[in-house]
A.B. asks: 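Quick one: structure below, then a few questions.
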Amino acid sequence: MSTSADTAAREVEADLVVDAVRQESDGVVSLRLIAPGDRELPTWAPGAHVDLMLPNGAVRQYSLCGDPADRASWRLGILREPQSRGGSSFVHDSVKKGTVLRTRGPRNNFALADSPRYRFIAGGIGITPILPMIAAAHAAGADWTLHYGGRSRRSMAFLDELGAYGDRVTVLAADEVGLPDLDALLGSPEPDTLVYCCGPGGLLDAVEQRCAAWPAGALHLERFAAKEPASAADDAAFELLLQESGLNLTVPADKSVFEVVREAGVNVVGSCFEGVCGTCETGVVDGEVDHRDSVLSPAEREENEVMMICVSRCRSGRLTLEL
């Protein structure tokens, strides 16, 4: 897990040009982004995502779902959210070939670990980070399967692309076969096997429950939306020391660490402000963190080496950060 005294130092911002817009299914479009002047784009690995900093002021995170070896372009798959707050609706309604979009990243909180065997599970637009993962697993000669669920085949993106993998891919359209049988798929832990899952919260929660008996570290999840937030009723003020800046601050019960640090003039970067994207990840020097993010694994929380300062707080009354 990387850390930095200045979270802005980890971020690369660039204006990219939309080279193509393609309808991938009902409600899903893909964007192909290129750099002006045919410059090479930053490298990335399966599981990475980027921020789109849209002209209407919205900042949204989208998974890179193309080929990591392609340094000339990035591909994003974007679902029109029924309750869009101006992100996906802007992309679907206003972005076209030639549109210039500000990007930030790539960032990877969902990296693919080496394994001889994988069980991939995707729900809806959760297929996007899984696409380059299965390509990498296939190229490495690993034993892998994908179970991909959605409302209907018409709503499920990239089915033609997935068809090239034959019976390794199981398409589970709810209007044809109902919901995935997670008990059959995950009921018995498999040796030397990693489970990667991305999709709606209900699917992730169900997979997490089924994998409770699997070895620690076997399950890897990525959430597009934050978990149910912790109650703020018991939040208390705490002391915050910034090691690099030499500042001693107080975080009141009604403000986040991110807000207090930024108000003190320290250069930090945030994006989702819900503990989902990992942009504000910050190194912890001392103190016990009350982790409230949806990024860190249980093991990473136990290590207590980093925190997402947009949502997480302090259990010990005093916290020292690498800022």
A.B. asks: Pick one: which of R39, R102, R104 meets salt bridge (charged side-chain N to carboxylate O under 4.0 Å, His left out) with D15?
C.D. replies: R102
A.B. asks: W144 pairs by ring-ring contact (aromatic ring centres under 6.0 Å, His included) with which of Y165, Y118, Y196?
C.D. replies: Y165
A.B. asks: Do P106 and W74 have side-chain heavy atoms sitting under 4.5 Å apart?
C.D. replies: yes
A.B. asks: What are the two closest non-hydrogen atoms of L194 and D114, and how far apart are they?
C.D. replies: CD1-O, 4.2 Å
A.B. asks: Going through the checks in order, is the side chain to side chain contact (heavy atoms under 4.5 Å, CB included) test met by L146 and I127?
C.D. replies: CA-CA 10 Å; L146 166 66; I127 190 62; 3.9 Å; yes
A.B. asks: Decide, yes or no, whether a salt bridge links R75 with E161 under the criterion of side-chain N to carboxylate O below 4.0 Å.
C.D. replies: yes
A.B. asks: Just by modelled atom types, is the P46 backbone N or O under 3.5 Å from a matching donor or acceptor in the N108 side chain?
C.D. replies: yes
A.B. asks: Kindly give the heavy-atom pair with the smallest separation between I309 and L321, and that separation in Å.
C.D. replies: CG2-CD1, 4.0 Å
A.B. asks: Is there a donor-acceptor contact under 3.5 Å from the side chain of Q23 to the main chain of S25?
C.D. replies: yes
A.B. asks: Please give me the minimum heavy-atom distance between V91 and L31, naming the atom from each residue.
C.D. replies: CG1-CD1, 4.0 Å
A.B. asks: Does L221 belong to the same Ile/Leu/Val/Met/Phe/Trp/Tyr cluster as M133, with side-chain heavy atoms less than 4.5 Å apart forming each link?
C.D. replies: no
A.B. asks: Is there a side-chain contact between L186 and D183 (heavy atoms, below 4.5 Å)?
C.D. replies: no
A.B. asks: Consider only side-chain N and O atoms of E24 and S30, and report whether a donor and an acceptor are under 3.5 Å apart.
C.D. replies: yes
A.B. asks: Please test R117 against R119 for side chain to side chain contact (heavy atoms under 4.5 Å, CB included), starting from the C-alpha separation and ending with a verdict.
C.D. replies: CA-CA 7 Å; R117 187 176 298 105; R119 298 294 172 250; 3.4 Å; yes
A.B. asks: Hey, is the main chain of K97 close enough, under 3.5 Å, to the side chain of T99 for a donor-acceptor pair?
C.D. replies: no
A.B. asks: Say whether R71 and T43, considering side chains only, have a donor N or O and an acceptor N or O under 3.5 Å apart.
C.D. replies: no
A.B. asks: If every non-hydrogen atom of C197 is compared with every non-hydrogen atom of F110, which pair is closest and at what distance?
C.D. replies: O-CZ, 3.6 Å
A.B. asks: Could you tell me whether D38 atom CG has more than 12 heavy atoms of other residues or ligands within 6.0 Å of it?
C.D. replies: no
A.B. asks: Test salt bridge (Lys or Arg N to Asp or Glu O under 4.0 Å) on R153 and D26; report intermediate values, then the result.
C.D. replies: CA-CA 9 Å; R153 288 178 181 267; D26 287 355; over 6 Å; no
A.B. asks: Going by heavy atoms in the side chains, are P55 and F90 under 4.5 Å from each other?
C.D. replies: yes
A.B. asks: Quick one: CD on E303 to OG on S297, what's the gap to the nearest 0.5 Å?
C.D. replies: 7.0 Å
A.B. asks: Do the side chains of L203 and V195 join up, straight or via other hydrophobic residues, at under 4.5 Å, putting them in one cluster?
C.D. replies: yes
A.B. asks: Looking at CG of N109 and OG of S294, how far apart are the two atoms once the value is rounded to the nearest 0.5 Å?
C.D. replies: 11.0 Å
A.B. asks: Which value, rounded to the nearest 0.5 Å, describes the distance between T170 atom OG1 and Y148 atom OH?
C.D. replies: 13.5 Å
A.B. asks: Please determine whether a side-chain nitrogen of the Lys or Arg among D51 and R60 lies less than 4.0 Å from a carboxylate oxygen of the Asp or Glu.
C.D. replies: no
A.B. asks: Is the shortest side-chain heavy-atom distance between R313 and R292 below 4.5 Å?
C.D. replies: yes
A.B. asks: Checking R151 against D175 for the salt bridge (Lys or Arg N to Asp or Glu O under 4.0 Å) test, could you report, in this order, the C-alpha distance in whole Å, the side-chain angles of both residues, the deciding distance, and whether it holds?
C.D. replies: CA-CA 6 Å; R151 296 189 310 277; D175 62 350; over 6 Å; no
A.B. asks: Side chain to side chain contact (heavy atoms under 4.5 Å, CB included) between L54 and L101: does it pass, once the steps are laid out?
C.D. replies: CA-CA 6 Å; L54 299 169; L101 296 175; 4.0 Å; yes
A.B. asks: If hydrophobic clusters are built by linking Ile, Leu, Val, Met, Phe, Trp and Tyr wherever their side-chain heavy atoms come under 4.5 Å apart, do I130 and L112 end up in the same one?
C.D. replies: yes
A.B. asks: With the 4.5 Å side-chain cut-off for hydrophobic clustering, are L185 and V169 part of the same group?
C.D. replies: no
A.B. asks: Can you tell me if E176 uses its side chain to pair, donor with acceptor, with the backbone of A173 under 3.5 Å?
C.D. replies: no
A.B. asks: Looking at every non-hydrogen atom in both residues, tell me the closest pair between V260 and T250 and how far apart they are.
C.D. replies: CG1-O, 3.7 Å
A.B. asks: How many angstroms lie between atom OG of S88 and atom CG of L79, to the nearest 0.5 angstrom?
C.D. replies: 6.5 Å
A.B. asks: In Å and rounded to the nearest 0.5 Å, what is the CG to CG distance from L240 to L319?
C.D. replies: 6.0 Å
A.B. asks: Distance only, no hydrogens: is a donor on one side chain within 3.5 Å (strictly under) of an acceptor on the other, for Q61 and S271?
C.D. replies: yes
A.B. asks: Of T282, V266, T320, which is the lone residue that meets side-chain contact (heavy atoms from CB on, under 4.5 Å) with L242?
C.D. replies: V266
A.B. asks: Hey, does L219 have a side-chain heavy atom less than 4.5 Å from the side chain of E208?
C.D. replies: yes
A.B. asks: May I ask you to check whether H147 and F120 place their ring centers less than 6.0 Å from one another?
C.D. replies: no
A.B. asks: Would you say L52 and Y62 make side-chain contact, with heavy atoms under 4.5 Å?
C.D. replies: yes
A.B. asks: Using the rule that two of Ile, Leu, Val, Met, Phe, Trp, Tyr join whenever any of their side-chain heavy atoms come within less than 4.5 Å, decide whether L159 and V29 are in one cluster.
C.D. replies: no
A.B. asks: Can you name the nearest heavy-atom pair linking V295 to C277, along with the distance?
C.D. replies: CG2-N, 4.2 Å
A.B. asks: Between R210 and D181, does any side-chain N to carboxylate O distance fall below 4.0 Å?
C.D. replies: no
A.B. asks: Looking at R318 and E288, is there a salt bridge between them, counting it only when a charged N and a carboxylate O are closer than 4.0 Å?
C.D. replies: no
A.B. asks: Should we count CG of D93 as having more than 12 external heavy atoms under 6.0 Å?
C.D. replies: yes
A.B. asks: Cut-off 3.5 Å, side chains only: do E239 and N248 have a donor facing an acceptor?
C.D. replies: yes
A.B. asks: So how far is it from T145 OG1 to I134 CD1, rounded to the nearest 0.5 Å?
C.D. replies: 10.5 Å
A.B. asks: Is it true that a side-chain atom of S155 and a backbone atom of S152 form a donor plus acceptor pair closer than 3.5 Å?
C.D. replies: yes
A.B. asks: Is there side-chain contact between M308 and L296, with at least one heavy-atom pair below 4.5 Å?
C.D. replies: yes
A.B. asks: Spell out, as yes or no, whether a donor-acceptor pair under 3.5 Å connects the side chain of H49 to the backbone of G105.
C.D. replies: no
A.B. asks: For E302, look at atom CD and say whether over 12 heavy atoms of other residues, nucleotides or ligands are found less than 6.0 Å away.
C.D. replies: no
A.B. asks: Within the structure provided, determine whether P129 and C65 are in side-chain contact (heavy-atom separation under 4.5 Å).
C.D. replies: no
A.B. asks: Dump the intermediate steps for side chain to side chain contact (heavy atoms under 4.5 Å, CB included) on L76 and T128, then the final yes or no.
C.D. replies: CA-CA 8 Å; L76 308 177; T128 50; over 6 Å; no
